[in-house]
Colleague: 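Sharing a structure, written as structure tokens. Questions coming.
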Amino acid sequence: MQRVAGRRVLVLLAALMVLLVPQMSMAQEVQKLTVAEPVHLIGYLPLYVAIHEGYFAEEGLEVNVVQATGGAHVTAVVSGDAFAVIGGIDSIALANRGARDPIVGISNCVNRANVYLFARTGLQPASDSDADMADFLRGKTIVAGRYGGSPNVLTRYLLITLGLDPEKDVTLVENADASTVTAMLQHGQGDIGNGGEPQISEGVTGGIWEEPFVKFPDLGDYAYSVIGVKTSTMTEQPDTCLKFVRALMKALEAVQKDRDMAARVLEKEFPTLTEEGREAALKRAYEDNLWSLDGVISQQAVETLMDALTTTGLYDGDDGYEELVDMRFVEQVKAEQATPTESAQ
């Protein structure tokens, strides 16, 4: 009897192992990835959606987003501390100078220049004509963001195109990131600030500044925030890159189709922002066509950005679209999404 009972125990243990081993294997297959962001912005909402709605989890990925200010979002990828960076093609181009393993954009996220200029309450240009704008900006102190960062590049680009010298005709405060703009203008340390949401809504609802008087999204397609990985990562981890891009593309589509869901995720990521602020931020994002529809980084989006970068004199290289962008994973996902009939056509 004892032998029979012992055999039954062994059979039960074996059955349990059969059930547990696949679950253990699945747990082991989850791949943890880190994405570095320069600041927590509503513009990165599709990335957050892919996390909260489980799109990355569906691909066997566990994605963690960390803030790395002062340009460290790019160097985190260079050093291997992060799998990917979300940032501008301009930041990638600047980081790639002399790099043996350059970073390449593999998916789009924010396809407009997500930067706005806003002035302290009571200050506004007489009109949006170039002459009035130049007169208004001359002599002002502008909290322009980190030197060489995307908001800084765009601010300098505007000044130069208006015929102003960024070093002489205005005072640029370039030792602060987007998270400090609100406090600086509130305490009289600047006349004009630049940035995106949620900073804009925070300042407007707080009576610190007026609605933006310059909207850089009006520049059109602009590779402002893409997912960048090292070239070696594409070679050594192509399946991981494909899974990541597939999940992000799903999120980009979901943000366009389900605004209620987008609002829910926005509240999770920015719980301290007022409901009024969140609604205003989403309204601005949709009106300005902020997000890429399909993950494609177009040549026009890169050319517009690189023109702004080279105009400022901050970049004197010759990298172009082919050196800065690789759409292999986006194209692969698009091929997967195509029906047999569409493929045949």
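Being a predicted model, the structure only gives us computed values, none of them experimental.
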Colleague: Check Val325, Asn111, Val330 against Val296 for a side chain to side chain contact (heavy atoms under 4.5 Å, CB included) and give me the one that passes.
Modeller: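 Of the listed options, the one satisfying the test is Val330.
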Colleague: Test: ring pair (Phe, Tyr, Trp, His ring centres under 6.0 Å). Region: residues 90-110. Which pairs qualify, not counting sequence neighbours?
Modeller: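 As it turns out, there is no ring pair (Phe, Tyr, Trp, His ring centres under 6.0 Å) pair with a partner in residues 90-110 once direct neighbours are skipped.
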Colleague: Taking a hydrophobic cluster as the set of Ile, Leu, Val, Met, Phe, Trp and Tyr residues connected by side-chain heavy atoms closer than 4.5 Å, whether directly or through intermediates, do Val66 and Val77 fall within one such cluster?
Modeller: no
Colleague: For the pair Glu323 (side chain) and Gly320 (backbone), establish whether a donor and an acceptor sit closer than 3.5 Å, ignoring hydrogens and angles.
Modeller: yes
Colleague: Can you list, pair by pair, the side-chain donor-acceptor contacts under 3.5 Å of residues 222-230, counting residues two or more places apart and other chains?
Modeller:
none

Colleague: May I ask you to check whether Glu276 and Thr205 show a side-chain donor-acceptor distance below 3.5 Å?
Modeller: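 No, because no side-chain N or O of Glu276 sits under 3.5 Å from a partner of the opposite role on Thr205.
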Colleague: Would you call Arg259-Glu279 a salt bridge at under 4.0 Å N-O?
Modeller: no
Colleague: Tell me, please, which residues at least two apart from Tyr286 pass ring-ring contact (aromatic ring centres under 6.0 Å, His included).
Modeller: Trp291
Colleague: Any side-chain to backbone donor/acceptor pair from Asp101 onto Thr231? Under 3.5 Å, distance only.
Modeller: yes
Colleague: If two hydrophobic side chains count as joined below 4.5 Å and joins carry through other members, does Leu164 share a cluster with Leu123?
Modeller: yes
Colleague: Say whether, by atom type as modelled, one donor and one acceptor occur between the side chain of Asp191 and the main chain of Thr141 under 3.5 angstrom.
Modeller: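 The answer is yes, because a donor-acceptor pair under 3.5 Å joins these two groups.
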Colleague: Has Glu37 got a side-chain atom pairing as donor or acceptor with His73's backbone, closer than 3.5 angstrom?
Modeller: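 It does not hold such a pair.
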Colleague: When you compare the side chain of Pro212 with that of Arg284, does any pair of heavy atoms fall below 4.5 Å?
Modeller: yes
Colleague: According to ring-ring contact (aromatic ring centres under 6.0 Å, His included), who are the partners of His52, at least two apart in sequence or on a separate chain?
Modeller: none
Colleague: Any heavy-atom pair between the side chains of Leu273 and Ile42 that's under 4.5 Å?
Modeller: yes
Colleague: Just so I know, are the side chains of Lys243 and Gln31 near enough to count as touching, which here means a heavy-atom distance under 4.5 Å?
Modeller: no
Colleague: Grouping I, L, V, M, F, W and Y whenever their side-chain heavy atoms are under 4.5 Å apart, do Ile192 and Ile160 come out in a common cluster?
Modeller: no
Colleague: Provide the full list of ring pair (Phe, Tyr, Trp, His ring centres under 6.0 Å) pairs with a residue in residues 77-105, sequence neighbours left out, each pair given once.
Modeller: Phe83-Phe244
Colleague: Under 3.5 Å, is there a donor-acceptor pair between the side chain of Thr304 and the main chain of Ala301?
Modeller: no
Colleague: With a 4.5 Å heavy-atom cut-off, do Val173 and Gln189 have their side chains touching?
Modeller: no
Colleague: Which residues pass the salt bridge (charged side-chain N to carboxylate O under 4.0 Å, His left out) test with Lys283, sequence neighbours left out?
Modeller: Glu287
Colleague: Decide whether Thr233 and Gln237 meet the rule of one side-chain donor and one side-chain acceptor closer than 3.5 Å.
Modeller: no
Colleague: Please check: side-chain N/O of Tyr44 versus main-chain N/O of Val39, any donor-acceptor pairing under 3.5 Å?
Modeller: no
Colleague: So, Asn108 side chain and Ser292 main chain: donor-acceptor pair closer than 3.5 Å or not?
Modeller: no
Colleague: I need the full list of ring pair (Phe, Tyr, Trp, His ring centres under 6.0 Å) pairs touching residues 135-160, with sequence neighbours left out, sorted by first then second residue.
Modeller: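 Qualifying pairs: Phe136-Phe213.
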Colleague: Answer whether the closest heavy-atom distance between the side chains of Ile106 and Val245 falls below 4.5 Å.
Modeller: yes
Colleague: Any pair with a residue in residues 89-125 that passes ring pair (Phe, Tyr, Trp, His ring centres under 6.0 Å), sequence neighbours left out, goes on the list, sorted by first then second residue, please.
Modeller: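 Of all non-adjacent pairs touching residues 89-125, those that pass ring pair (Phe, Tyr, Trp, His ring centres under 6.0 Å) are Phe118-Trp209.
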Colleague: Has Asp169 got a side-chain atom pairing as donor or acceptor with Asp165's backbone, closer than 3.5 angstrom?
Modeller: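 Looks like yes, one N/O pair under 3.5 Å.
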Colleague: Are more than 12 heavy atoms from other residues, nucleotides or ligands located less than 6.0 Å from atom CG of Asp316?
Modeller: no
Colleague: Can you name the residues that form a side-chain contact (heavy atoms from CB on, under 4.5 Å) with Glu267, not counting sequence neighbours?
Modeller: Arg278
Colleague: Test of understanding: with ring-ring contact (aromatic ring centres under 6.0 Å, His included), list the residues that count as partners of Tyr55, not counting sequence neighbours.
Modeller: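 Expected list: none.
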Colleague: So, do Leu324 and Ile297 sit near enough that their side-chain heavy atoms are less than 4.5 Å apart?
Modeller: no
Colleague: In terms of hydrophobic clustering (I, L, V, M, F, W, Y; side-chain heavy atoms under 4.5 Å; direct or indirect links), are Met261 and Leu47 co-clustered?
Modeller: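 Same cluster.
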Colleague: Below 4.0 angstrom, N of the basic side chain to O of the carboxylate: do Glu53 and Lys250 qualify?
Modeller: no
Colleague: For the side chain of Asp288 and the backbone of Pro217, is there at least one donor-acceptor N/O pair under 3.5 Å apart?
Modeller: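 Pair absent, no side-chain N/O of Asp288 close to backbone of Pro217.
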Colleague: With Asp221, which of Gln300, Gln299, Arg112 fulfils side chain to side chain donor-acceptor pair (under 3.5 Å)?
Modeller: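 When Gln300, Gln299, Arg112 are each tested with Asp221, the side chain to side chain donor-acceptor pair (under 3.5 Å) holds only for Arg112.
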Colleague: Are the side chain of Arg120 and the backbone N or O of Gly190 linked by a donor-acceptor pair below 3.5 Å?
Modeller: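 Side chain of Arg120 to backbone of Gly190, a donor-acceptor pair under 3.5 Å: yes, one is there.
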Colleague: Could I get the full list of salt bridge (charged side-chain N to carboxylate O under 4.0 Å, His left out) partners for Glu253, not counting sequence neighbours?
Modeller: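 Partners of Glu253 under the salt bridge (charged side-chain N to carboxylate O under 4.0 Å, His left out) test: Lys257.
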Colleague: How about Pro38 and Arg146: do any of their side-chain heavy atoms sit closer than 4.5 Å?
Modeller: no
Colleague: Can you name the residues that form a ring-ring contact (aromatic ring centres under 6.0 Å, His included) with Tyr315, not counting sequence neighbours?
Modeller: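 ring-ring contact (aromatic ring centres under 6.0 Å, His included) list for Tyr315, sorted by chain: empty.
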